[in-house]
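Below is one structure, written out as structure tokens; the observations come after it.
In the text below, chain A, chain B and the rest are named by the order of the sequence lines, each starting its count at 1. Keep in mind the model is a prediction, meaning the values are calculated, not measured. Computed over heavy atoms, backbone and side chain alike; hydrogens, waters and symmetry mates excluded.
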Amino acid sequence: MAETLTVLVCDDEPGMRKGAERALRRYTAEFADLQTTVEFAVTLAESGEQALERVNVEAPDILLLDYKLPGISGLEVQEKLAERSAQTLTVMISAYSSLQTVITATKRGAFDFLVKPFTPEELRAAVRRAAHHLLSHRQALRLAEERKQIRFEFIRVLGHELKAPLAAVEGYLRLLERRALGDDIRKYETVISRSLVRLEGMRKLIFDLLDLTRIEAGTKQRNLEQVDLCAVVAAAVETILPEANKRGISVRSDLPARAVLKADRSELEIILNNLLSNAVKYNRDSGSVTVTVRADDAQVRIAVADTGIGMSAAEVSKLFGEFVRIKNEKTVSILGSGLGLSIVKKLVTLYGGSVTVHSEPDAGSTFTVILPREAVAAPAPGPN
Amino acid sequence: MSEKTVMVVDDDVDLVLELQVQLEAVGYRVVTAHSDKQAREVADKTHPDAAVIDLMMEEHDSGFALAHYLKRRMPEMPVILLTAVASETGIDFDATTAEERSWIRADVVLDKPVRFETLHAQLQRLLA
């Protein structure tokens with residue numbers, strides 16, 4: 001990515017202006033840390049008055065400003081710019097290298113100082129420093145703004161997701177209140193069981209949200225110990241069985257004798273519970289779920305395969321985002337927080353592992369999680 | 001009153017059920033759909049006398065697209081759009097001016113949550 005920064009050179013000596021222009025015209029500054037390359041467009045001013053006018057019109061990024069000028073001095077120009085809180089970064093040029101001038105100029109907001117006579121190299125170095133400062137500042141602002149937007153979007157969708165079950169339950173209560181259900185006892189059963197289902201969904205959303213927040217904030221107490229993954233899988237299978245049995249879905253596991261890794265047991269539980277719950281939820285009646293665990297010296301592999309509705313490639317590509325729920329006729333009556341896989345992904349990343357999915361519409365999906373046996377110390381993930 | 005058929009479309013199965021129960025209680029026959037696509041099929045097959053559509057289904061404007069489709073196929077069929085847009089985004093619109101009606105293909109736009117009496121009154125008016 002190449003950007004262009006504008007540089008206004010203000011000096012009363014024509015030789016100086018020409019020299020500065022020549023030094024910068026073909027100069028390209030590369031900033032590996034900011035992943036950007038910068039070129040410079042140079043404009044010229046002969047006096048302080050002209051410089052102020054130019055700043056008004058062009059709002060240059062960098063101003064090379066001579067200290068000693070025929071009309072108003074460089075210092076006064078700097079002062080006026082400071083008053084207007086102009087975004088321009090000033091590099092003061094002076095023939096006097098007195099400490100006092102440097103201090104005064106810096107006090108009034110000059111970014112850097114260049115003492116005459118200087119070589120084209122020195123000029124370029126000063127401009128380079130100014131450009132780096134400007135760009136890193138801008139990048140930081142941009143990132144902060146993006147983070148803010150992501151947070152806003154998250155909260156907006158969260159609000160929507162929390163309102164939906166409330167509206168459903170409220171609607172059912174209103175039906176009861178108006179005695180709109182008549183004499184048929186089955187209608188009452190439906191209304192009550194649907195209300196409970198929606199409330200349970202809301203509870204799950206709130207719990208997932210708390211999990212997610214703790215993971216992101218890095219405040220989750222992590223207790224890394226040697227954990228036998230097979231025991232965690234067995235417990236997770238146990239937990240999902242009642243739900244699976246209701247719909248005639250069989251759950252099989254194919255486990256080695258032991259698969260020990262260094263991990264936080266509760267995090268492994270969250271990963272497996274989410275994957276197994278999905279494998280049952282998005283399965284067909286009388287389908288099956290198979291959990292396979294394999295371990296070698298370096299890593300463990302967990303594969304959760306279902307015989308469910310599957311997904312298209314387009315749906316798969318969106319899958320690990322927050323509040324992503326695949327919406328189509330096959331999923332309309334399936335409830336979920338839309339956070340489960342996002343949580344799985346964040347946790348797996350915390351271990352330096354990976355999660356992938358292979359899916360075929362109407363045939364099923366297989367989620368594969370790979371975790372290193374020795375947890376890599378990963379930094380707490382950022383908010384996105 | 002001869003039994004009129006109302007199609008209810010919302011991607012939330014519970015909101016559909018709630019409306020269905022209430023509409024049936026006041027004497028309508030109800031057909032339901034949970035997506036834009038399903039609603040088109042149901043409408044083409046059952047030719048309902050009126051449609052009540054949630055604005056935001058799988059896409060943000062699915063309801064508009066569906067209303068547009070229905071009005072083209074069955075210009076005489078009244079369409080009522082339900083929307084939570086005003087309370088969620090602050091954007092306010094209804095279908096009372098000619099200009100709004102020219103792009104919102106609906107006879108009435110109601111803000112969610114809708115009181116059933118309001119919806120019922122609108123249906124009676126449109127089906128009179």
Side-chain angles (χ1 to χ4, degrees), chain A residues 152-153 155-202 309 312 314-315 318 323-336 338, chain B residues 8-28 30-42 45 52-63 65-66 82-91 110-120:
Chain A
F152 283 159
E153 178 60 14
I155 289 166
R156 192 189 67 75
V157 180
L158 176 63
H160 182 82
E161 293 296 319
L162 285 172
K163 259 173 60 180
L166 266 190
V169 173
E170 187 187 354
Y172 283 131
L173 284 175
R174 296 253 177 255
L175 290 184
L176 294 173
E177 182 191 43
R178 302 143 158 267
R179 299 159 198 250
L181 298 175
D183 300 333
D184 189 350
I185 196 77
R186 277 167 309 177
K187 280 191 181 163
Y188 290 86
E189 284 168 1
T190 306
V191 160
I192 289 166
S193 81
R194 284 305 305 174
S195 297
L196 290 173
V197 165
R198 294 306 291 262
L199 287 178
E200 180 54 34
M202 196 165 176
I309 58 180
S312 67
E315 288 167 338
K318 295 188 283 186
F323 293 121
V324 172
R325 301 208 53 240
I326 305 304
K327 282 194 175 184
N328 56 45
E329 277 132 72
K330 290 179 270 183
T331 63
V332 69
S333 54
I334 301 174
L335 288 170
Chain B
V8 177
V9 191
D10 196 313
D11 64 348
D12 189 313
V13 288
D14 292 303
L15 296 186
V16 169
L17 184 58
E18 286 162 17
L19 262 185
Q20 181 176 11
V21 166
Q22 294 175 90
L23 287 168
E24 283 173 353
V26 293
Y28 292 103
V30 176
V31 290
T32 63
H34 300 107
S35 70
D36 179 18
K37 185 164 158 273
Q38 202 185 14
R40 290 173 193 220
E41 289 163 10
V42 170
K45 211 163 68 191
V52 179
I53 301 171
D54 176 49
L55 174 62
M56 291 198 195
M57 289 182 288
E58 57 268 52
E59 305 293 335
H60 278 337
D61 55 354
S62 298
L66 176 60
L82 305 184
T83 166
V85 170
S87 61
E88 265 176 29
T89 65
I91 301 168
L110 296 178
D111 256 342
K112 275 173 144 179
V114 181
R115 290 187 56 227
F116 180 70
E117 287 72 19
T118 313
L119 180 69
H120 188 205

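Contacts between A:Arg174 and chain B at a heavy-atom distance below 4.5 Å are absent for every atom of the residue. Only the side chain of A:Thr190 comes within contact range of chain B, judged by heavy atoms closer than 4.5 Å.
Under the 4.0 Å criterion applied to side-chain N and carboxylate O atoms, B:Glu18 and A:Arg194 are not assigned as salt-bridge partners.
Residues B:Phe116 and A:Arg178 have side chains in contact (heavy-atom distance under 4.5 Å, counting atoms from C-beta outward). Using a 4.5 Å heavy-atom threshold, the side chains of A:Leu181 and B:Gln22 count as separate.
Scanning both residues, B:Val21 and A:Ala180, for their nearest heavy atoms gives CG1-O, 4.0 Å. Counting all heavy atoms, side chain and backbone alike, A:Ala168 lies closest to B:Asp14 at CB-CB, 3.8 Å.
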